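Take a look at the structure below.
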Amino acid sequence: VLCIMILVLLVGCSLKKDNSTGKSYSTANMTVDEIKTNDEKLPEGSFSLYVQDVFKITNRGTVATGDVMVGTVKVGDKVQIVGNGRVLESKVVSIEKYKNKGDSATKGEMVGLLLEGVERDQVSRGDVIATPGAVSNHTEFVAAVYAEELEGKGEMNSLTSGGDYTYYFTVGDTTGTIKIDGDKIDAGQIGTATIKLDKAYGFNTGKTFYIRQNGRTLGRGKVLEITK
């Protein structure tokens, strides 16, 4: 009987139930490194780039800069610009690298993409440029969340449901609401949370993000399931 009771307790501790979906998510075996490692799920052969800056070149068009996160992009490729709840169709006219042009760019390279038929105000920092259909806009998801152990004498940290936090996705950020299973995650601990963003971003499951407040990073997270 004692063994059965212990088993029940262990199972109950390892499964975190999300109240909005009714599903349970296991975080007991997750490590901090797993949460910090981005392994965003994209279709095989896809390309993605998170926009860091945008500018207009007279008589040429709009250029978006950023690091290639996944895959390879080539001149002439059709792409979608995803973010802020909208999707724009475009084509890569040219690829600018450091002090030279290129026919293609691969994961890890910082590049500028000259985009066909796109105005400067139609692209924003934090948008995703990707292979058509690879990434969609989302505002709600379930995540594994780690509360950082803050440096500094006597400082304590915990993440709480309803906390006033900002959520950073690579280069873009937005506010939102958070509902934590158990209502709180103490420093150094991992838990499960449902997050609703105030602004739609383009991402898939496996995407990592930061949780910040007043200029300090309080936590890290990884998207487990997208609900909206």
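Both backbone and side-chain heavy atoms feed into the values below; hydrogens, waters and symmetry mates do not. Fair warning: this is a prediction, and the values are worked out from it, not measured in the lab. Nothing fancy with the numbering, it's 1 onward along the sequence.
- Note: Tyr146 OH to Asp33 CG = 10.0 Å, rounded to the nearest 0.5 Å.
- Under the 4.5 Å side-chain heavy-atom criterion for grouping Ile, Leu, Val, Met, Phe, Trp and Tyr, Leu218 is connected to Val223 within one hydrophobic cluster.
- Nearest approach of Asn204 to Lys41, heavy atoms of both residues: ND2-O, 2.8 Å.
- Criterion: ILVMFWY side-chain heavy atoms under 4.5 Å apart, direct or through other members. Under it, Ile57 and Val93 are part of a common hydrophobic cluster.
- Separating the CD1 atom in Ile195 from the OH atom in Tyr167 is a distance of 5.0 Å, to the nearest 0.5 Å.
- Remark: Ser161 OG to Ile185 CD1 distance equals 8.5 Å, nearest 0.5 Å.
- The side-chain heavy atoms of Asn84 and Asp127, taken from C-beta on, include a pair separated by under 4.5 Å.
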Subject >> Residues Lys56, Glu119; criterion salt bridge (Lys or Arg N to Asp or Glu O under 4.0 Å); working and verdict >> reply: CA-CA 8 Å; Lys56 185 86 171 181; Glu119 297 298 323; 3.4 Å; yes
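- Expressed to the nearest 0.5 Å, how far CG of Asp183 lies from OG1 of Thr160 amounts to 8.5 Å.
- Proximity of a side-chain donor or acceptor of Ser46 to a complementary backbone N or O of Leu42 within less than 3.5 Å is not detected.
- Surrounding NZ of Lys199 are more than 12 heavy atoms belonging to other residues, nucleotides or ligands, all under 6.0 Å away.
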**OP:** List the steps, then state whether side-chain contact (heavy atoms from CB on, under 4.5 Å) holds for Asn137 with Val87.
**Re:** CA-CA 8 Å; Asn137 284 290; Val87 177; 3.7 Å; yes
**OP:** Quick one: do Phe203 and Phe169 satisfy ring pair (Phe, Tyr, Trp, His ring centres under 6.0 Å)? Show the steps, please.
**Re:** CA-CA 9 Å; Phe203 58 87; Phe169 291 84; 5.2 Å; yes
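- Under 4.0 Å is where a charged nitrogen must lie from a carboxylate oxygen, and between Lys222 and Glu34 no such pair does.
- Between the side chains of Arg120 and Thr62, not a single donor N or O lies within less than 3.5 Å of an accepting N or O.
- Residues Asp186 and Lys184 are paired through a salt bridge, judged by an N-O separation under 4.0 Å between the basic side chain and the carboxylate.
- For Arg212 (side chain) and Gly219 (main-chain N/O), no donor-acceptor pair under 3.5 Å exists by modelled atom type.
- Applying the salt bridge (charged side-chain N to carboxylate O under 4.0 Å, His left out) criterion to Glu109, with sequence neighbours excluded, gives Lys97.
- The closest side-chain donor-acceptor pair between Thr192 and Asp181, if any, does not fall under 3.5 angstrom.
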**OP:** Report the C-alpha separation of Val92 and Leu114 in whole Å, then their side-chain angles, then the decisive distance to 0.1 Å, and conclude whether the side-chain contact (heavy atoms from CB on, under 4.5 Å) test is met.
**Re:** CA-CA 6 Å; Val92 178; Leu114 179 62; over 6 Å; no
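- Val51 places none of its side-chain heavy atoms less than 4.5 Å from the side chain of Thr65.
- Clustering ILVMFWY residues whenever any of their side-chain heavy atoms sit less than 4.5 angstrom apart, transitively, puts Val54 in the very cluster that holds Val111.
- Of the possible polar contacts, one joining the Thr227 side chain to the Glu140 backbone as a donor-acceptor pair under 3.5 Å is found.
- Asp103 CG: 12 or fewer foreign heavy atoms inside a 6.0 Å radius.
- Using modelled atom types, one finds no donor on one side chain facing an acceptor on the other under 3.5 Å when comparing Thr31 with Lys36.
- When all heavy atoms of Ala64 and Ile129 are compared, the closest pair comes out as CB-CD1, 3.7 Å.
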For residues 69-82, dump all side-chain donor-acceptor pairs below 3.5 Å to protein atoms at least two apart in sequence or in another chain.
unit_1, atom_1, unit_2, atom_2, d
Asp77, OD2, Lys74, N, 2.8
Gln80, OE1, Gly133, N, 2.9
Gln80, NE2, Glu89, OE2, 2.9

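- Side-chain atoms of Thr175 and Asp198 form a donor-acceptor pair, as typed in the model, at a separation below 3.5 Å.
- Of all non-hydrogen atoms in Ile226 and His138, the two that sit nearest each other are CG2-ND1, 3.1 Å.
- Asp67 and Gln52 share a side-chain donor-acceptor pair at under 3.5 Å.
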**OP:** Before giving the answer on side-chain contact (heavy atoms from CB on, under 4.5 Å), spell out for Asn38 and Lys207 the whole-Å C-alpha distance, their side-chain angles and the decisive distance to 0.1 Å.
**Re:** CA-CA 6 Å; Asn38 185 71; Lys207 179 65 182 172; 3.4 Å; yes
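- Here the closest non-hydrogen pair linking Val135 and Gly202 is CG1-C, 3.4 Å.
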Subject >> Criterion side-chain contact (heavy atoms from CB on, under 4.5 Å) on Arg60 and Ser94, from CA distance to verdict >> reply: CA-CA 10 Å; Arg60 293 201 67 195; Ser94 71; 3.5 Å; yes
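- At least one side-chain heavy atom of Val118 sits under 4.5 Å from a side-chain heavy atom of Val123.
- Between Tyr168 and Tyr201, the ring centre distance reaches or exceeds 6.0 Å.
- Within the 4.5 Å cutoff, side-chain heavy atoms of Lys196 are placed close to those of Thr177.
- Leu159 is listed as a side-chain neighbour of Ile180, based on a closest heavy-atom distance under 4.5 Å.
- For residues 31-80, there are no ring-ring contact (aromatic ring centres under 6.0 Å, His included) pairs, not counting sequence neighbours.
- Side-chain contact check for Tyr210 versus Tyr165: every heavy-atom pair is 4.5 Å or farther apart.
- Nearest approach of Ser90 to Leu115, heavy atoms of both residues: OG-CB, 3.6 Å.
- Side-chain atoms of Asp164 never come within 3.5 Å of backbone atoms of Gln213 as a donor-acceptor pair (strictly under, hydrogens ignored).
- Closest of all the heavy-atom pairs between Ile178 and Gly163 is CG2-N, 3.9 Å.
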